Amino acid sequence: MAIRRSNKLGQAASLKQILKRCSSLGRKQEEQVVDVPKGHFAVYVGETRSRFIVPISFLAHPEFQQLLQEAEEEFGFSHHMGGLTIPCEEVVFRSLTSMLR
């Protein structure tokens with residue numbers, strides 16, 4: 001039981017770190033902050049890095065958390081585009097987000 005709790009705390013800390021870094025990058029690039037409404041964040045998906053604005057509530061879904069873990073494994077916490085880059089095909093991402101809404 002203690003291992004699971006520790007694991008969940010570690011995941012929560014990782015998610016907070018990703019969001020903190022993402023929001024601080026957004027402040028540096030003023031034009032990208034303007035079109036991201038409060039309570040949302042930008043992600044870049046697919047080979048062409050299509051930009052999506054998604055609600056923060058998606059972070060509570062295990063499926064979306066899995067995408068974030070894959071992004072962390074592939075890209076680490078370094079995101080240079082003002083949003084998170086998610087290693088996922090755009091069609092799959094659209095399908096997932098339509099189910100989460």
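Given the structure is predicted, the values throughout are model-derived calculations rather than measurements. Count residues from 1 along the sequence.
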With sequence neighbours excluded, tell me which residues meet side-chain contact (heavy atoms from CB on, under 4.5 Å) with [X].
X     : result
Glu89 : Val92
Ser98 : none
Ser50 : Thr48, Phe52, Glu90

Quick one: does Thr97's side chain get under 4.5 Å of Phe58's, heavy atoms only?
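Yes. Closest side-chain heavy atoms under 4.5 Å.
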Taking the side chain as every heavy atom from C-beta outward, state whether Val36 and Arg51 have any atom pair closer than 4.5 Å.
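Result yes, sub-4.5 Å side-chain heavy-atom pair found.
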Roughly how far, to the nearest 0.5 Å, is the [atom2] atom of [Y] from the [atom1] atom of [X]?
X     : Y     : atom1 : atom2 : answer
Ile86 : Arg49 : CD1   : CZ    : 10.5 Å
Leu96 : Phe64 : CG    : CZ    : 7.5 Å
Glu73 : Gln69 : CD    : CD    : 7.0 Å
Glu63 : Leu68 : CD    : CG    : 12.0 Å

State whether the side chain of Ser95 and the backbone N or O of Val91 hold a donor-acceptor pair below 3.5 Å, judged by distance alone.
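Not a single qualifying donor-acceptor pair exists.
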Looking only at non-hydrogen atoms, find the nearest pair between Pro87 and Leu67 and report the distance.
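Smallest interatomic distance, heavy atoms only, reads CD-O, 4.5 Å.
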Show the nearest heavy-atom pair for residues Leu59 and Phe41, with the distance to one decimal.
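Minimum heavy-atom contact is CD2-CZ, 3.9 Å.
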